[in-house]
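We name chains A, B, ... by the order of the sequence lines, and we start the count at 1 in each one.
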Amino acid sequence: MEESVVLVVDDSPTVRKIVQLTLQRERIRVVTAGDGLSALAAVADEQPDLMLLDIMLPRMDGYNICQVVRKNLAYRDMPIIMLSGRDGIFDKMRGKLSGSTEYITKPFDSTELVQTIKRHLETPAARERAAQRMASRQQRLRRRV
Amino acid sequence: MALAREVFEMWEHRPVGWSRGGKMEPQGRILDGNLETLGLQSTLKMLALSGKTGVLSVTSGQERLAIFLRNGHIVDLDEPGTPAPDLIDMFRLLGRIPPQRAAELRRLAGANPATAIMIMVQLQLCAPDELPRRTEFRVIQAISRAVRWERGRFEFHRDISPIQAPGGPQQLFNVDHVLLEALRMADEWSRSGSLSLTRNTVARWMPQFNGDVTQLGLGREEIDALCLSNGQFPLHAISFALLVSEPQVATIMRRLLELGLVEVVDAHLEAELERSLVNLITQSQYQLSQETRSHAEQRMLALVRTMGACVNGLLTHHTRYARMLRGRGEVPQREVRRYLEATFGPVLADLERSFPRMDEVVRFSDGRLDYQELETLEKVVKGAELSDCLWDAVRLCSHFMRIVFDRVLNDEVGNSRVGHQFEDLWSAFLREIDEDMARLAYRRATTRVQQERAEQARPGVVSGVPQAYGVAPDGRRRLS
């Protein structure tokens, strides 16, 4: 099976480490970014299968990142899970409007987080994306050789 | 192989009365009670003296055991929830069975170790008395574990036949002999209490070991234990395969760990521990991220609350996973509190000597960190004194939380891979706390400088004369 890649965008190094530790146990590769612009760079470099996105971020907030990512055709179907301490209906609605797939409220339970992520990674589209990424990586490697 | 097949069919029968889910039928129960009032030793002795036949089931927390008796003698024992050891594979690794024979044996015996032994006896791969020897060993091991349970329940159901197989080889074990051996083994476990290994610990060979094993001076049992440390067999299975007591195997494993030959994997415990600690740190980080733009005093109080809640979360977590409390079934709350207070109480007392203002304000009671006094501190002191008190509380909690985490982690997982992973995670959380504290220290220093300038600018104030603190009358008395 192809290795899944999850991009975690959060300004807290603790949250980034927590998600990394939790997902590594499930054999999911985790890439992290601490601010909005680094997140966009990581999306282009790593082509993740899923993005976990905090709302309050330095340089560019989660809603804006979500909108920018959705404008790119290549990432239109990529699941984006908003991860935020705000649990009001307004925040959830704003997340939905900006293009997020799901909304998880902090503090999250690690088991629930894994279940949610796995649910989105086990779809045929996600598997196809992982296969495409692997093929493009092999192609790049062959070119380099 | 026809004889072996017959033996297999004969041993496939399960004991009567012990249902698939491990629950007993209600009829025939003639004795039940709590282990606190009547211990397992006394109960077994009583049943032996009255020559009873039936099954004694004992439960303590998640642990369960069923002891089958016939005319006051132990005939067998069942440990629901403990998977049967894969004796064939272990014998293969020990070189007692050739690999091709192992595959054939597995096909015949399935996962039943008793069947496997019977077939191996028939094939002259084992001594004829192998099965009774191993059954006795298993009975003693299991009872040595159960005699350490202090809380729980027992039930005796009479006239339940231990093994349904007619004419099957069955040995009667004397209760006195079994109890004596079990108590001796329980003593061994108590002596090896400092080991971080449990009966479910799994060890696996270190992939990066490059030395020469033959030069390490390992004994026969150590080499055998090393052969079985392939990351699949728990300590109790290795003990059963080698017929070496569990505490002895734990000691051997510790030596192999010290030599860097194996690393410890307790997948179930590690997963539970990880979930518990990860959720605790997630909660603490969330709490820390709240009210970041508040007034300095409020922020200090929020930090104390975050660290206090984190310490209490760590203590609650430790009551479930502390080495001293593991494998003992349900431990009385009083003992748990005593353990926590003995372990962490002196640490807090030591710290309070460095922060004398916090004496009696932050204390350790009922196995928890009590910082409620700080919530009402503003009614007692105000101004700079309140700020200093809260700053002391922040620093005290920060030191205490670090010490508690280090001790908890060291006790629970020791120097293992999972331990290092948590250290990384904890360092990230501490960095956030430290950054917050650094910001607070800067804010406090700025405020102090501004206040001093304002005082100096006020006419009639002589520099160097101490100013009166804004302390309420009762507060001055308490905090002086």
Side-chain angles (χ1 to χ4, degrees), chain A residues 6-36 38 52-59 61-62 81-88 91-92 95 102-118, chain B residues 265-294 302-303 305-307 309-310 313-314 317 398 401-402 405 409 413 416-439:
Chain A
V6 169
L7 171 63
V8 182
V9 190
D10 201 299
D11 58 337
S12 160
T14 313
V15 174
R16 296 201 297 265
K17 274 271 174 214
I18 286 170
V19 179
Q20 200 164 18
L21 191 68
T22 310
L23 296 187
Q24 264 170 4
R25 189 172 264 275
E26 303 298 322
R27 297 176 195 281
I28 296 171
R29 191 159 74 87
V30 176
V31 184
T32 61
D35 63 72
S38 317
L52 268 179
L53 186 61
D54 187 22
I55 294 175
M56 298 293 286
L57 288 167
R59 297 163 89 182
D61 74 17
I81 301 175
M82 289 272 190
L83 198 63
S84 176
R86 298 174 173 187
D87 61 348
D91 300 298
K92 286 181 183 172
E102 198 153 342
Y103 198 99
I104 293 181
T105 314
K106 284 185 195 171
F108 53 83
D109 179 82
S110 58
T111 316
E112 278 173 36
L113 180 78
V114 169
Q115 280 170 355
T116 310
I117 288 176
K118 277 189 161 177
Chain B
V265 202
D266 191 336
H268 180 68
L269 179 74
E270 277 179 17
E272 268 191 32
L273 248 161
E274 187 181 295
R275 203 176 311 121
S276 169
L277 278 178
V278 159
N279 286 343
L280 173 66
I281 297 174
T282 310
Q283 291 270 356
S284 300
Q285 194 282 331
Y286 173 71
Q287 205 174 346
L288 184 71
S289 66
Q290 304 300 298
E291 305 169 46
T292 45
R293 286 183 188 165
S294 53
L303 261 178
R305 280 190 207 121
T306 302
M307 291 189 279
C310 183
L314 282 169
H317 160 91
S398 163
M401 186 180 71
R402 283 159 214 258
F405 183 84
L409 198 68
V413 289
S416 66
R417 190 164 47 184
V418 75
H420 296 309
Q421 282 177 336
F422 281 123
E423 274 166 19
D424 283 353
L425 173 58
W426 184 245
S427 305
F429 178 60
L430 287 185
R431 260 202 308 281
E432 286 196 47
I433 295 260
D434 289 342
E435 280 168 16
D436 225 340
M437 283 175 69
R439 275 194 294 271

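Here the NZ-OG distance, from A/Lys106 to B/Ser289, works out to 6.0 Å after rounding to the nearest 0.5 Å.
Under a 3.5 Å cut-off, the side chain of B/Asn279 and the backbone N or O of A/Ser110 do form a donor-acceptor pair.
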- Task: May I have the step-by-step check of side chain to side chain contact (heavy atoms under 4.5 Å, CB included) for B/Tyr286 and A/Val15, ending in yes or no?
- Result: CA-CA 9 Å; B/Tyr286 173 71; A/Val15 174; over 6 Å; no
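The two atoms that bring B/Glu274 and A/Leu21 nearest to each other are OE2-O, 3.8 Å, heavy atoms only.
With a 4.5 angstrom heavy-atom cutoff, B/Gln285 touches chain A only via side-chain atoms.
Each of A/Val19, A/Ile18, A/Thr14 was evaluated against B/Thr282; a single residue qualifies, A/Ile18, per the side-chain contact (heavy atoms from CB on, under 4.5 Å) test.
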